**Student:** 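Sharing a structure, written as structure tokens. Questions coming.
Every value quoted in this text rests on a predicted model; they were computed, and no experiment measured them. In what follows, chains are A, B, ... by sequence order, proteins preceding strands, each numbered from 1.
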There are 2 protein chains.
Amino acid sequence: MSGNWRPPSSTDVARAAGVSQSAVSRAFTPGARIAQATRAKILEAAEALGYRPNLLPKILQTNRSGIVAVVVGGFYNPYFAMTLEAFSKALTARGLQMMLVRVESDRILDGVVDQLAGYRVDAVVSALALTSQDAADQLSKLRIPIVTLNSDLAGDWIRSVSSDNFAAGAAAARLLYERGGTRFGFVAGPADSPAQVAREAGFAHGLEALGLPPAMRAGGGYDHASGARAARDLFAGAERPDALFCANDLAAFGVIDVLREDFCLTPPGDVLVIGYDNLDMAQWAPYRLTSFDQDIEAHVATAMELLDLEAGATCVARVVPSRLVERESTRRG
Amino acid sequence: MSGNWRPPSSTDVARAAGVSQSAVSRAFTPGARIAQATRAKILEAAEALGYRPNLLPKILQTNRSGIVAVVVGGFYNPYFAMTLEAFSKALTARGLQMMLVRVESDRILDGVVDQLAGYRVDAVVSALALTSQDAADQLSKLRIPIVTLNSDLAGDWIRSVSSDNFAAGAAAARLLYERGGTRFGFVAGPADSPAQVAREAGFAHGLEALGLPPAMRAGGGYDHASGARAARDLFAGAERPDALFCANDLAAFGVIDVLREDFCLTPPGDVLVIGYDNLDMAQWAPYRLTSFDQDIEAHVATAMELLDLEAGATCVARVVPSRLVERESTRRG
DNA sequence: CGAATGTGTGCATAGCTATTCACTCGCCAG
DNA sequence: CTGGCGAGTGAATAGCTATGCACACATTCG
């Protein structure tokens, strides 16, 4: 019908209630000085018109939008879903809205930054590890606080929260050794993931500290298919490993599936397997996977703390320890 | 330092470049009439100051924010992740931003509606099936187009896209019968899910049409644990089913895990199993689950079409057929 | 050479709310 | 009776951009 309908404004309500616009504003501002009778009259008129205060003018003045942008790289991994859920809860608890931004790679630069700046988002949280210092600088220039997960960038406005990936890698080496592993293998994640790099380095360090030979290596992705491929590679040769640390759970599942299917090998009897992330699926019967729980709640809580920090306060990268959850996949005998 | 820093405005840039504010605006408006030299000068000044146009004033005038709110109920189910991903792509392709809203139940009313209205979101997409007509009316009053997935609500501003759950249920019955099933079981989802209800009704109808006895029934949730419980219930008695239709994949995985673990039964030899959603995991070795693919791309494409519809145009609920993907879990012999 | 067209720029304004300032009114204390 | 005070209200304004309008100047055509 009316091609250019506009939602009712405070002025409309004011007219309907026979008061001034400022009175309407006060009626919707908790703690403002307004007579009860006036307020009631205004609320009634507002209800009739279906009035909802427009938040934009306020944002325009204060430059605080109440919106936090969350950047993710994709949803294939349930770990992202868990992170998203945790952030969603934390933000909602603070009355903030979440703007979800999905980027193919962290070449975020293409326009997304402009958009975020344009909407005056209060902060940016990146579940995707930012690896490009360039992108970081871009964001930094906007004076928008940024928190990155499992990244190792630094900058005036960049704060970072990471799992203690290195320590976990070392712990994985120790556990596999204690459970009787003798020939070790590492199923790698993508090379551009700082978490992957740290986990591998920690694992290597752990093995070395125990005086063990370095691990065989395969893989290169965080998904099931990549883990499956890695398993085929590792077990095709004569010298088969008997203890595997996988960069994440999803890859570990791929490994286990292939071992059982193609090689008739089952953990923990034939091979020990450890993953990372402690997904729900890690408890499922076909897997019962020993894994590192990243304690997402703690990650998120820390991230929120860091967002509250003032201005360009320099701050150390926070590290959250991962908790080892042992299940059948490493319980031998 | 400066407690109340403000991002540079077009006026700041104008001052720096020695031009008027309107010139700056034109420099950033594609197709606006401005001399190349002037534009270059302005862009240089803007770059130096780190200026990004503020989108809010435009929104204030046009009431078009370029933001679409997506409502979800949780992330435990990878199906939500897939839906989210598809919507994210579709919205990005249209230059729209996505505001993610997570609600415990569809008692959305509590403040969220006010927020969405306040930000002047252009549309609302609900991946969570809205069941409360009350909530729908609330949203409708705001004259914000709403698209709901797998819901059966209707209203002036409410449009809906559903899988053909009923037809799929009937197809499941036929397939299980053709593959040799004789005693049928249905593993139910949550009672308040319209999709669950339609799938069950379709299944019952399909059995009846074939002259078969009605199915045994258990379950009541869309998650793994619920499926596991259902399997224990169904197979505890003497009269065990040999053909199961599960309300979704996650429940089906729970069923299969329990059957293999607790009862030493494996599909398809001992029991036929069908799921719904065709998750990635359905291809994994422990499951190889026959499932209905919801064709999320089509759902999302349809949803976007419906959003483009003008005003309160009355429109029929769209139905997208699900595609049956058969795997080992129903291939007998 | 005059007119007409076109290009480039500045001025002014709309859009909506929260808030400050000034004002009125009723009431109490001195 | 009057000064003061608190409560309640309205007018005015800031915040930033896009755009319609008017104007200045250059260019082209008859």
**Student:** Do any N or O atoms from the side chain of B/Ser88 and from the backbone of B/Leu84 form a donor-acceptor pair under 3.5 angstrom?
**Tutor:** no
**Student:** Any sub-3.5 Å donor-acceptor pair from A/Tyr119's side-chain atoms to B/Ser65's backbone N or O?
**Tutor:** yes
**Student:** Nearest heavy-atom pair of B/Pro190 and B/Gln196: which atoms, and what distance?
**Tutor:** O-CG, 3.1 Å
**Student:** Of all residues at least two apart in sequence or in a different chain, which pass the side chain to side chain donor-acceptor pair (under 3.5 Å) check with A/Tyr222?
**Tutor:** A/Ser193
**Student:** Give a yes or no on whether the backbone of A/Arg64 and the side-chain of A/Asp122 come within a donor-acceptor separation of less than 3.5 Å.
**Tutor:** no
**Student:** Indicate every side-chain donor-acceptor pair of residues 25-44 of chain B with a distance under 3.5 Å to a residue at least two apart or in another chain.
**Tutor:**
{"residue": "B/Thr29", "atom": "OG1", "partner": "B/Ser25", "partner atom": "O", "Å": "2.8"}
{"residue": "B/Arg39", "atom": "NH1", "partner": "B/Ala27", "partner atom": "O", "Å": "2.6"}

**Student:** In residues 30-46 of chain A, what residues come within less than 4.0 Å of DNA chain C, judged by heavy atoms?
**Tutor:** none
**Student:** For DNA chain C, what are the stems built from at least three Watson-Crick or G-U pairs in a row, each pair having both distances below 3.5 Å?
**Tutor:** C:1-30 with D:1-30
**Student:** Looking at every heavy atom in both A/Gln115 and B/Leu55, which two are closest together, and how far apart are they?
**Tutor:** O-CD1, 4.1 Å
**Student:** Quick check against the 3.5 Å criterion: does A/Arg120 have a side-chain atom that pairs as donor or acceptor with the backbone of A/Ala117?
**Tutor:** yes
**Student:** Between protein and nucleic acid, restricted to nucleotides 11-17 of chain D and to nitrogen or oxygen atoms under 3.5 Å apart, what atom pairs and distances do you find?
**Tutor:**
{"residue": "D/dA14", "atom": "N3", "partner": "A/Gln61", "partner atom": "NE2", "Å": "3.4"}
{"residue": "D/dG15", "atom": "O3'", "partner": "B/Arg6", "partner atom": "NH1", "Å": "3.4"}
{"residue": "D/dC16", "atom": "OP1", "partner": "B/Arg6", "partner atom": "NH1", "Å": "3.1"}
{"residue": "D/dT17", "atom": "OP1", "partner": "B/Tyr51", "partner atom": "OH", "Å": "2.8"}
{"residue": "D/dT17", "atom": "OP1", "partner": "B/Asn54", "partner atom": "N", "Å": "3.4"}
{"residue": "D/dT17", "atom": "OP2", "partner": "B/Ser10", "partner atom": "N", "Å": "2.5"}
{"residue": "D/dT17", "atom": "OP2", "partner": "B/Ser10", "partner atom": "OG", "Å": "2.4"}
{"residue": "D/dT17", "atom": "O2", "partner": "B/Gln61", "partner atom": "NE2", "Å": "3.3"}

**Student:** List in chain and number order the residues that pass side chain to side chain contact (heavy atoms under 4.5 Å, CB included) with B/Ala14, two or more places apart in sequence or in another chain; answer none if no residue qualifies.
**Tutor:** B/Val19, B/Val24
**Student:** For side chain to side chain donor-acceptor pair (under 3.5 Å), just list the numbers for A/Gln294 and A/Ser163, CA-CA rounded to whole Å, side-chain angles, deciding distance to a tenth of an Å, and then say yes or no.
**Tutor:** CA-CA 6 Å; A/Gln294 295 216 38; A/Ser163 284; 2.5 Å; yes
**Student:** Under 4.0 Å, counting only non-hydrogen atoms across every strand here, what does B/Val24 touch: a base, just sugar-phosphate, or nothing?
**Tutor:** nothing
